[in-house]
Amino acid sequence: MNSRLLWEHEVARLTLRRKELGISQQELALRMGTSSSGIHNYERCKVVPSVERWTAWRHAVGLPALLFRSDEAHHRWRKGFTGDKR
């Protein structure tokens, strides 16, 4: 798996977790000490956060700082944000 696809899987997992918890992008930004536009850019894969920001993101949604593949989360994320049916 290439690094871009792996990162998309991670973003999908974190975005879905935020939504499951009912946390807005603004609230997540406050928890992470960043801007809501930064969160938007992270969730759309327009910007890749530093390792420190990524760790803060995971902790803010109650997840440990681990990377692993999640096909289901990635599929739901792509379909929701890009309209891609794959």
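- Without hydrogens or angle criteria, Arg53 side chain to Met32 main chain gives a donor-acceptor distance under 3.5 Å.
- Atom CD1 of residue Ile23 and atom CZ of residue Arg17 lie 8.0 Å apart, to the nearest 0.5 angstrom.
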Before you tell me yes or no, could you show the steps for Tyr42 and Val11 under side chain to side chain contact (heavy atoms under 4.5 Å, CB included), namely the whole-Å CA-CA distance, both residues' side-chain angles and the distance that decides it to 0.1 Å?
CA-CA 7 Å; Tyr42 294 161; Val11 169; 6.0 Å; no
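- Residue Val48 is grouped with residue Ile39 when hydrophobic side chains (ILVMFWY) are merged at heavy-atom distances under 4.5 angstrom, including chains of intermediate members.
- In this structure, Lys46 and His40 have side chains that are in contact, with non-hydrogen atoms separated by less than 4.5 Å.
- In this structure, Leu16 CG and Glu72 CD are separated by 8.5 Å, a value rounded to the nearest 0.5 Å.
- A parallel orientation is assigned to the rings of His9 and His74, their planes being inclined by less than 30° (bins at 30° and 60°).
- Looking at heavy atoms from C-beta onward, Arg18 lies in side-chain contact with Glu43 at the 4.5 angstrom threshold.
- Of the inter-residue distances, the one linking Lys19 atom NZ with Ser24 atom OG reads 12.0 Å to the nearest 0.5 angstrom.
- Once rounded to the nearest 0.5 Å, the distance linking CZ of Arg58 with CZ of Arg13 reads 6.0 Å.
- Shown here for Ala29 and Ser36, the closest heavy-atom pair between the two residues is CB-N, 3.5 Å.
- Under a hydrophobic clustering in which Ile, Leu, Val, Met, Phe, Trp and Tyr are joined whenever their side-chain heavy atoms come within less than 4.5 Å, directly or via other members, Leu21 and Trp57 fall into the same cluster.
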Under the side chain to side chain contact (heavy atoms under 4.5 Å, CB included) rule, what do Leu14 and Trp77 come out as? Steps first, then yes or no, please.
CA-CA 10 Å; Leu14 294 174; Trp77 172 81; over 6 Å; no
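- Summarising the geometry, atom CG belonging to Leu30 is positioned 12.0 Å from atom CD belonging to Gln25; distances are rounded to the nearest 0.5 Å.
- Looking only at side-chain heavy atoms (C-beta outward), Arg4 and Glu8 come within less than 4.5 Å of each other.
- Leu63 places none of its side-chain heavy atoms less than 4.5 Å from the side chain of His59.
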